[in-house]
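One structure below.
All values derive from a computational prediction rather than experimental measurement. By convention in this document, chain letters (A, B, ...) are assigned in the order of the sequence lines, proteins followed by strands, and residues within each chain are numbered from 1.
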Amino acid sequence: MNKFYVTTAIDYANGLPHVGHSFEKVGADVIARYRRLRGDDVRFAIGMDEHGQNVLREAERQGIEPGAWVDDIASKWQATWQRLGLSNTDFVRTTSASHVRAVQELVRRIQAAGDIYLDRYEGYYCERCEAFRKESELVDGKCPLHPSRDISWTEEQNYFFRLSNYTEPLLDHIAAHPEFIQPDSRRNEILRLLEGGLDDISASRSRVPWGVPFPDTEGHTVYVWFDALPNYLSVLGYPEDGYEAWWPADLHVIGKDITRFHCVIWPAMLMSAGLPLPATVWAHGFVMIGGGKLSKSEAERIDLGRLVDRHGPDAFRFILMREAPWDSDRDFPSVESFLQQFDDRYQADLANDLGNLLNRTVAMIGKYRDGRVSGGQDTELENACRAALDAYHQHMESMQLHAALEDVMTIVRRSNAWVDSRAPWALARDPAAADELDEVLGALVRALARISVALAPFMPDKADEIWKRLGGAGSPPPFDELGERWPALVPESSEGVLFPRIETPRD
RNA sequence: GGCAGGGUAGCUCAGCUGGCAGAGCGGGGGACUCAUAAGCCCUAGGUCGCGGGUUCGAAUCCCGCCCCUGCCA
């Protein structure tokens with residue numbers, strides 16, 4: 001059994017999750033579930049980034065202890081992920097004792113490698129960004145990202161990380177492992193960045209008390225990114241024995257805005273500490289409105305909780321992954337069109353095409369064959385299913401998740417067309433056509449069984465339900481076993497429909 | 001300012017080693033009836049961002065410009 005260790009970015013504890021966060025988590029969950037269905041032993045870690053000036057400030061604003069504040073935030077994020085059906089095996093928090101210990105150990109190793117030195121830093125410091133800004137970057141004397149706030153000239157002693165030592169090693173690694181950064185466009189960006197050479201970066205802060213104490217010194221905390229990135233190791237128990245069974249990660253799923261940290265700083269830290277590098281960093285795109293990132297007010301108007309409740313978590317997952325490509329951005333003209341498209345996709349794909357296919361199939365088998373069919377192998381439909389599933393696997397392997405869903409919908413459409421072209425209702429009136437009727441209906445059961453397995457990573461609960469309505473027991477089997485484990489071909493007549501149509505106008 | 005990607009049917013996008021403009025959704029029409037008034041079949045005539053150029057022929061190659069997004073400065 002292969003191990004497969006996948007992570008997502010940990011989320012910053014100064015706000016609540018919106019649809020953009022859910023995109024990353026659901027996508028990673030789809031991958032994790034797919035790997036399990038391929039027979040891998042999967043570890044899937046998500047979590048919270050809970051240190052830093054902004055978290056501290058927000059807690060103070062609320063008038064509560066930072067520890068209590070992050071506990072509250074973390075429980076809310078976890079509730080959201082649970083509602084979405086994430087199959088994560090771990091939930092890491094950077095304020096946990098085990099994480100703090102792991103960060104300190106990693107910093108010590110980097111120190112032992114000679115890659116940490118103390119130096120004086122002077123510059124403009126933006127507290128919002130928790131970063132220094134060069135004078136040339138300032139706009140009207142303010143941080144370009146936070147023009148409403150004053151920016152102050154600061155001098156402090158900082159520990160620095162010799163990132164500049166790793167320009168060549170990183171270039172070499174990427175050249176030897178082109179799959180290290182994906183998609184290609186992101187790799188190109190990082191290559192250009194590296195070709196320009198790297199500067200050393202500061203690895204500590206002396207003015208941010210809410211953080212991991214810098215080891216073996218007073219008054220310094222570990223810089224937020226040096227604190228956050230090692231979560232991928234700390235969650236495995238590093239430096240205690242046992243983490244080696246899972247490390248290096250097979251896949252870091254992140255947003256395209258933080259590639260620098262994951263494709264440059266993180267691997268350089270690992271190299272310095274003498275640890276192996278993750279196999280792949282995958283930078284997904286964003287859900288955008290009106291050509292730009294989701295603004296706070298747009299995110300509020302979309303309202304993740306209400307969206308999930310609208311058609312249920314499985315439908316939400318399906319629609320999200322079908323609408324937004326996993327390797328690039330998806331832009332909606334407006335919040336209204338996003339919500340409209342969300343419903344339209346539900347109605348067209350899930351209610352009309354898939355739900356109705358299941359319903360009509362089960363109904364016909366009950367009505368014409370007393371709920372019992374056999375046969376249906378080696379039909380035209382079966383061949384179409386095999387071809388579409390081959391494409392599905394190729395797309396899943398290359399993480400074209402949206403394209404894989406298109407492959408599933410191809411099977412659904414083919415099946416619906418098959419019904420009409422073979423007209424089972426006409427065959428049912430002709431006693432001589434009993435065998436042909438059996439073949440047609442059997443082929444539909446087999447097609448739907450394949451659909452349920454292929455959809456399982458995207459809609460785990462609905463896939464189970466499809467499987468059960470076909471007369472299968474439990475959950476759809478792993479891909480390898482589908483050949484032997486067809487459903488009983490005795491669909492039970494069940495009440496209600498899988499995906500009810502939207503009958504009333506949207507409110 | 002530098003670099004990368006993009007601007008194609010109402011919407012989202014595919015096509016881009018040059019050769020009759022495509023898909024899905026929405027919209028319109030038709031035949032059927034097992035089904036969630038769903039499905040199936042037919043139908044989209046869009047200056048392929050703008051202006052030049054190469055070519056027998058360009059959405060597809062080259063040059064210039066405009067706009068959008070991202071990374072860097």
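For the OP1/OP2 pair of B/A38 and a distance below 4.0 Å, the side-chain nitrogens and oxygens of A/R501 include at least one atom meeting the criterion. Side-chain N/O atoms of A/K256 include none lying less than 4.0 angstrom from OP1 or OP2 on B/G5. Residue A/N359 places at least one side-chain N or O under 4.0 Å from the OP1 or OP2 atom of B/U36.
Nearest nucleotide to the A/N416 side chain, out of B/U69, B/G39, B/G24: B/G39. Closest to the side chain of A/K367, out of B/A35, B/C3, B/U36, is B/A35. Counting only heavy atoms from C-beta on, A/V497 has its side chain closest to B/U36 among B/U12, B/U36, B/C71. Listed nucleotides B/A38, B/C25, B/C71 differ in distance to A/A348; the shortest reach to its side chain belongs to B/C25. Side chain of A/L498, nearest nucleotide from B/U36, B/G70, B/A35: B/U36. In the set B/A35, B/C71, B/U12, the nucleotide with an atom closest to the side chain of A/A363 is B/A35. Considering only the side chain of A/W425, B/C34 comes nearest among B/C34, B/C72, B/A38. Closest to the A/R360 side chain, of the nucleotides B/C72, B/A35, B/A38, is B/A35.
One interatomic measurement links the two molecules: CE of A/M409 to C1' of B/C25, which rounds to 11 Å at whole-angstrom precision. Regarding A/E336, its CD atom lies at a distance of 15 Å from the C1' atom of B/C11, rounded to whole Å. In this structure, CZ of A/F332 is placed 17 Å from P of B/U69, rounded to the nearest angstrom. Across the protein-nucleic acid pair, A/E189 atom CD and B/G6 atom C1' stand 13 Å apart, rounded to whole Å. As a whole-Å value, the separation of A/L444 CG from B/C40 P is 13 Å. Rounded to whole angstrom, the span from the CD atom of A/E195 across to the P atom of B/A4 amounts to 11 Å. Look at CD on A/Q340: it is 18 Å from P on B/G10, rounded to the nearest Å. Rounded to whole angstrom, the span from the CD1 atom of A/I201 across to the P atom of B/C72 amounts to 13 Å.
Surrounding CZ of A/R414 are at most 12 heavy atoms belonging to other residues, nucleotides or ligands under 6.0 Å away. Sparse packing is recorded around CD of A/E380, with 12 or fewer heavy atoms of other residues, nucleotides or ligands lying under 6.0 Å away.
Where A/T259 and A/V419 meet RNA chain B, the nucleotide closest to each residue was compared, and A/V419 sits on the side nearer the 5' end.
Straight-line distance between the P atoms of B/C48 and B/G10: roughly 13 Å, to the nearest whole Å. A distance of about 35 Å separates the C1' atoms of B/U33 and B/A14, rounded to the whole Å. Here the separation of B/A9 from B/A23, taken at their C1' atoms, is 11 Å to the nearest Å. Going from the P atom of B/C62 to that of B/U17 covers 10 Å, rounded to whole Å. Remark: the separation of the P atoms in B/A59 and B/G2 is 29 Å, to the nearest Å. Comparing B/C68 with B/G27, their C1' atoms are spaced 29 Å from each other, to the whole Å. For the P atoms, the distance from B/G46 to B/C56 is 31 Å, rounded to whole Å. Remark: the separation of the C1' atoms in B/A31 and B/U43 is 15 Å, to the nearest Å.
Note on A/Y368: only backbone sugar-phosphate atoms sit closer than 4.0 angstrom, heavy atoms only; bases stay farther off. Counting any heavy atom pair closer than 4.0 Å across all strands shown, A/P325 reaches no nucleic acid atom. Residue A/D349 is out of contact with every strand shown, counting any heavy-atom pair closer than 4.0 Å. Contacts of A/A417 with the nucleic acid, taken as non-hydrogen atoms under 4.0 Å apart, involve only primed sugar atoms and P, OP1 or OP2.
With sequence neighbours left out, A/F332 forms a ring pair (Phe, Tyr, Trp, His ring centres under 6.0 Å) with A/F338.
Ring centroids of A/H173 and A/F180 are separated by less than 6.0 Å, placing the two rings close together. The aromatic ring centroids of A/Y232 and A/H262 lie less than 6.0 Å from each other.
A/S164 and A/D200 share a side-chain donor-acceptor pair at under 3.5 Å. Checking A/Y223 against A/H51 by side-chain atom types alone, no donor-acceptor pair falls below 3.5 Å.
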Could you list the donor-acceptor pairs under 3.5 angstrom formed between side-chain atoms of residues 191-198 of chain A and any protein atom two or more places apart in sequence or on another chain?
from: A/R192; atom 1: NH1; to: A/N188; atom 2: O; distance (Å): 3.3

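Between A/D309 and A/R306 no salt bridge is recorded (no basic side-chain N to carboxylate O distance below 4.0 Å).
A donor and an acceptor atom sit less than 3.5 Å apart, one in the side chain of A/N356 and one in the base of B/A35. One N or O donor and one acceptor, one from the side chain of A/D420 and one from the base of B/G39, sit under 3.5 Å apart.
The aromatic rings of A/Y392 and A/F479 lie tilted to each other, with the angle between the two planes from 30° to 60°.
Helical stems of RNA chain B (runs of at least 3 Watson-Crick or G-U pairs, donor-acceptor distances under 3.5 Å) are listed by first residue: B:1-7 with B:66-72, B:10-13 with B:22-25, B:27-30 with B:40-43, B:49-53 with B:61-65.
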